[in-house]
Amino acid sequence: MSMGRARGVVLFGMDGHLIEVEADIGRALPAFILLGLPDASLRESQDRIRSAAKNTGIDLPARRLTVNLLPASLPKSGSVLDLAILMSAWAADGKVRGTAEVVFLAELGLDGRLRPVRGVLPSVAAAQAAGAQTVVVAVENAQEAALVPGMEVLAASHVGQVATSFASAALEPLVRESPGVERWSAHRSEESVSATERTDQPDSAQHRPVQHRPVQQRTGAPSLGSDGELPLSEPGPDLAEVRGQEEARFALELAAAGGHHLLLIGAPGAGKTMLAERMSGILPPLDDQAAMEATAIESISADPRTVTRLRRTPPFQAPHHSASMAAIVGGGSRIARPGAVTRAHQGVLFLDEAPEFPRHALDALRQPLETGRISLHRSAGSVTYPARFQLVLAANPCPCGLNVGSGTRCRCSVAQRRNYMARLSGPLLDRIDLQIQVDRPRSAAAALGPPGESSAEVRARVLAARTRQAQRLQKWGLRTNSQAPLQLLTGELKLPAGATRDIDAALDRASISLRGYLRVLRLAWTIADLMDEDRPGVDEVDAALQLRQRSQTP
């Protein structure tokens, strides 16, 4: 029976589906039939595959070749199945063997080169979850694929190398002189390989092995720094560069410690953007699970050549205020692509000049702020992306930005001021835990004084506060105060009536909503954690209420 099999993976959002690729060579006029709901980009693979096979020197037979992609009812797209289709066709022709249980993830060039593809990390993880043990990828994707522990990763720069490693007796005379693929371990180092070491010339790719810099073996657990913390992937702007602004700095630290959302309102030049840009630098480095999630999102969003190590630094996304709703929450004509809210998962989404953003784009943030995920529906299907981020908004108090203090320099009318701030809807603001007025420094001594604490010093306190939260909330499966539900905060973690009298009164007179009540309680617990207190008291609850309502106008 002239049947060949191989495996591939297609992604729907972050979810990978293992694809069984079957090839059959029949006794009929030459043709290439591709079945299994392929899209236009996948149908184009027929010509790529024939050219790659011919230029490798292992032609496909001049007969009817039928390729079936299972499950047949699942729509498939992209070029990630190119290598799997060619290997199954060669297996059907008896040229290669042992491909039925191997996952192949690579695009083919016309000359047979293997080109990298996006989404290798979640694809390899999905293949492993489905029971696969070996995956073949392009050299540029090798380090990314090796981030999945326990998976055998084989890397090659040319399809001729892959054919060598899986050659049958019928093919061995043709490929005896051609080197095979390089075997990568899942415990490879996370250091990157330079482009000159991982790219060969096209005319010699199938005749020369790819050389790599010697790499060291690493354990499954990340290495710790000298201070016992997980190392950050790269340094960012330092909080020490912000002079003065003690209250705003404390609000920033408080937001980082509890995972709270933050709104900064102030005149131009007050330091709102500087503060927000340093938010990710005071967040703790990502642990293994969070780093894997953030790196998987980067894998499907960024250039596939750039993903070579786990991302330890919390991501920071700052889209321009001209960005569309699709750019912010995700979109696309068929299967929706991730937007800024997904790329900011486990990190910070900063919207500078927030009132200038389209209002419908801002209101679209309400669902992910509550659920930590975003669901996008299109004609080809629906996808759900993770979107658990910290939202930081920065805004001027009015169009001219000078409605601060006495407001004598402001040129805006009362209606203009109200309309400007009304662009931030009430339901959105109700989800913002901290709302802070950022004032300009009033003296040269304050503006040009000595630097404040560095990001590393603040991050140490944030990490200590998060450790306290994790220990307290562990039995409920929670990690930060911002995730604590009302049932818990009014149940096992309920505060004494004397500690909550101010927010109880505010709720009774309808000056805060029940959602606001919950967020004040969460904020009070974070203040207590930063102060190394066992539980919030009257002072912590009162401070939380003031920090939430500071920027609100009558």
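Index from 1, following the sequence. None of the values given here were measured: they were computed from a predicted structure.
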Looking only at side chains, do [X] and [Y] share a donor and an acceptor under 3.5 Å apart?
X	Y	value
Arg472	Asn481	yes
Ser41	Ser77	no
Thr308	Glu144	no

[X] and [Y] ion-paired at < 4.0 Å:
X	Y	result
Arg309	Glu298	no
Asp352	Lys272	no
Glu293	Arg388	no

Using the side-chain contact (heavy atoms from CB on, under 4.5 Å) criterion, which residues pair with [X]? Sequence neighbours excluded.
X	value
Val348	Met279, Ser280, Leu283, Phe316, Val392
Arg515	Glu370, Asp430, Arg431, Ser513, Arg519
Gln474	none

Review point. Any side-chain heavy-atom pair from Asp502 and Val541 closer than 4.5 angstrom?
Key: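 A side-chain contact is absent here, since even the closest heavy-atom pair is not under 4.5 Å.
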Review point. Is any side-chain heavy atom of Pro386 closer than 4.5 Å to a side-chain heavy atom of Gln346?
Key: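 A side-chain contact under 4.5 Å is absent here.
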Exercise for review: Please list, chain by chain and in numerical order, all residues satisfying salt bridge (charged side-chain N to carboxylate O under 4.0 Å, His left out) with Arg501, sequence neighbours excluded.
Suggested key: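 Salt bridge (charged side-chain N to carboxylate O under 4.0 Å, His left out) list for Arg501, sorted by chain: empty.
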Check your understanding: Taking everything shown except Gln487 itself, do over 12 heavy atoms lie less than 6.0 Å from its CD?
Key ->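 Counting neighbours around CD of Gln487, 12 or fewer heavy atoms of other residues, nucleotides or ligands fall under 6.0 Å, so no.
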Practice item. Sorted by first residue and then second, give each side chain to side chain donor-acceptor pair (under 3.5 Å) pair with at least one member in residues 535-545; sequence neighbours left out. Key: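 Matches after skipping sequence neighbours: Asp542-Gln546.
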**Study point:** Partner set under ring pair (Phe, Tyr, Trp, His ring centres under 6.0 Å) for Phe12, not counting sequence neighbours
**Key:**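 Scan of Phe12 (ring pair (Phe, Tyr, Trp, His ring centres under 6.0 Å), adjacent residues dropped) gives His17.
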